[in-house]
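These notes concern the structure reproduced below.
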There are 2 protein chains.
Amino acid sequence: MKKNNITPITGQTLSEQVFDELKEAIISGEITQGSKITEDMLAKKYGISRGPLREAIRKLEGIRLLVRIPHAGTRVVTLTQTMMEEIYTVREALEGMSARLAAERMNDAEIDNLRQLLEKHESNIDQSEGKEYFQREGDLDFHYCIARASNNEFLMQLLSSELYQLLRICRYQSSQAPERPLKALNEHRQIVEAIANRDPELAEILMRRHINGAWNIVKNLFKSENDKSTLKKEYS
Amino acid sequence: MKKNNITPITGQTLSEQVFDELKEAIISGEITQGSKITEDMLAKKYGISRGPLREAIRKLEGIRLLVRIPHAGTRVVTLTQTMMEEIYTVREALEGMSARLAAERMNDAEIDNLRQLLEKHESNIDQSEGKEYFQREGDLDFHYCIARASNNEFLMQLLSSELYQLLRICRYQSSQAPERPLKALNEHRQIVEAIANRDPELAEILMRRHINGAWNIVKNLFKSENDKSTLKKEYS
DNA sequence: TAAATAATTATTGTTGACAATATCCTGTTT
DNA sequence: AAACAGGATATTGTCAACAATAATTATTTA
C-alpha cells in the first residue's frame, strides 16, 4: 500500500490529520460501531507510524468516540439506547443554558442572521424532500449558532467538540420521522422569537422542550425497531 | 536523577501514572498556572521517555488542564475570571440537571446515605474551624454524590473528570469566605429535602441557585482582590 | 472428552534516535 | 538605534525496534 494515504493539510500534524480522518470514519459508520481496532492495522491504513496514531486514539478516547481497555485493545463506541438517552439529557441541560445565555447576550444584527438561517432552512425543506442528511446538518447548524451566541467558550466547546459528534453518530444510525423537519423548524422559530424578545427564561424552556421532543422521536423509532425484530422472531 | 520517580501502581500504564501525577501537580499549583512545560523536562522529572508522556499530555489537554499549540509548546491552563464564570455557568446547567435526575431516581436508602453525609459535614464544620481544605473537599463530596445518583454515566463523567478538576484549581487559588460553609450546608440540606420529597423541579432550581451563589462569592473575592491591588498601586 | 496448563502468537507499551519546526540570538543594514 | 535576515539552538513531531502483556492455540492430564 502506498504511504501517506491521508490528505496532507499543511500545518497540521500527522496526529491531528489522523484524528480528523478517524473521527469522520467513525461518525459516518465507515468503521462499524463496537468493532475492535488495532494500532498496526490503522497505522498501515493511514500510512503513518504508531506514535502519532496513538495520540490520535487518546484524543478520540477523550471525546468518547473510542473506548480503550489498557493492554487489551480499543473499540469504537457502541451507542446503546441508554447512552443515547444520557446524551440527550446532557444536551438538554447544556443547550437550555446556551439558549438562555444567547437571549441575554445577542444583539439585533446577530438575531437577524439567525432569522436568515431559518429562512434558508425553510427553503431547503421545500426543495430537498427526503434528503435527510442536509436537513439534519442544517438542524445542527442552528444549534451550533446558538451555542456560539452563548458567548461561553467552554460551553461551546463542550457542545461542538464532544456532544455534537456523538449526536451525529446517533443520526447516522436512525432514520428520521418525515414530518419532523417542519415541526423542528417551527420550534426553532419560537426559540429565536424568545431570544429576540430578550426572554432568557422562555428561551431556555423552549430549547429544552425542543430537545426533549427530538429525543422522544428517536426513542419511538427505537421502540418500533424492537417491535419489528420481535415480530420477525415470532414468525421465524 | 534516579529513574522511575513515579509511584509504581501495579496494572497502571506509565502514561496513566504520569497523567495522574501531572494532574495533581497542576491542580495543587505545584506547577504554576500558565507556565510552559517542555517534554524533555517532564520526561526527566518522571523518569520516563517522551512517548507515554506525550499521551498523558494529550489527555490532560483533553480535560482542559493543559493548552497546547502545535510545534510551539504546551502551557498549564490559566484560569481567568472569565473562564471561571464560564465553568460555573456550565456547572449550573449540568448539576441542576443532575439534581433533577437524582430526585427522580434515588430510593429511600440512598437518600438516607446522603443525609448521613451532611451530618458528617456538619460535625466537620464544628470541629475544623478554618481548615478550608477539608470543608471544600466535603462540599465536592456532596456534589459528587448527587452526580452519581443521577444515574447518568455520561453526565457523571463530564462532571467528575472534567469540571470538578477545573473547579479544584479555582479553589486552590481563591480563599473562602468564613461564613460560607454553614450557608452551603443549609443549601445542601434544602436540596436533599427536595430530593426526598421527589420534587425534581425544585431540586434543580435549588441546585442552580446554590451554584450561582457560590459563584457570586468567588466573584466578589476577585473584585476585592482587584480593589486591593489597585489600592496598592495608588500608594506605591 | 473436558478441563487445566503450557507454549505460541498477536497486540499494546516503551524507548531512543532522527527529522522537522519554531524560537532565540547575533550580526548586518538602513 | 531599530529593524530585519540568517543561522544556531532548543523543542516538538515522527519513526522503527524492542519489551511486556494479553489472547490464542496446542498439549497434557484426569
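Convention: sequence-line order gives letters A, B, ...; per-chain numbering from 1.
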Rounded to the nearest angstrom, tell me the gap between atom [atom1] in [X] and atom [atom2] in [N].
X     : N      : atom1 : atom2 : result
A/R68 : C/dG13 : CZ    : P     : 5 Å
A/I57 : C/dT12 : CD1   : P     : 8 Å
A/F19 : D/dG13 : CZ    : C1'   : 18 Å
A/L53 : D/dA16 : CG    : C1'   : 14 Å
A/Q12 : D/dG13 : CD    : P     : 13 Å
A/L14 : D/dT12 : CG    : P     : 17 Å
B/E55 : C/dT12 : CD    : C1'   : 10 Å
A/Q17 : D/dG13 : CD    : C1'   : 12 Å

Exercise for the section: Mark yes or no for whether A/E95, through its side chain, and A/R208, through its backbone, hold a donor-acceptor pair below 3.5 Å. Expected result: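 Answer holds: no.
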Practice task
State which residues pass salt bridge (charged side-chain N to carboxylate O under 4.0 Å, His left out) with B/R100; sequence neighbours excluded, sorted by chain then number.
Solution key: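 Partners of B/R100 under the salt bridge (charged side-chain N to carboxylate O under 4.0 Å, His left out) test: B/E201, B/E204.
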Salt bridge or not between [X] and [Y]? Use side-chain N to carboxylate O under 4.0 Å.
X      : Y      : answer
A/K45  : A/E30  : yes
A/R64  : B/E162 : yes
A/R171 : A/D139 : yes
B/K120 : B/D141 : no
A/R54  : A/E39  : yes

Might you list the N or O atoms of the protein lying below 3.5 Å from N or O atoms in nucleotides 18-22 of chain C, with each pair's distance?
none

Short side-chain N/O contact to [N] OP1/OP2 from [X], under 4.0 Å:
X     : N      : value
B/R54 : D/dG13 : yes
B/T13 : C/dT14 : yes
B/S15 : C/dG13 : no

Practice task
May I ask you to say what B/P52 touches in the nucleic acid, namely base, sugar-phosphate or nothing, with a heavy-atom cut-off under 4.0 Å?
Solution key: base
Practice task
Note the angle between the end axes of the helix from C/dT1-D/dA30 to C/dT30-D/dA1, five pairs defining each, rounded to 10 degrees.
Solution key: 10°
Practice task
Would you indicate which nucleotide in C/dG13, C/dT12, D/dC15 comes nearest to any side-chain atom of A/I48?
Solution key: D/dC15
Practice task
Flag the pair A/L163 / B/F154 as yes when at least one side-chain heavy-atom distance between them is below 4.5 Å, and no otherwise.
Solution key: yes
Exercise for the section: Measure the shortest side-chain to side-chain distance between B/E24 and B/R168 over non-hydrogen atoms and say whether it is less than 4.5 angstrom. Expected result: yes
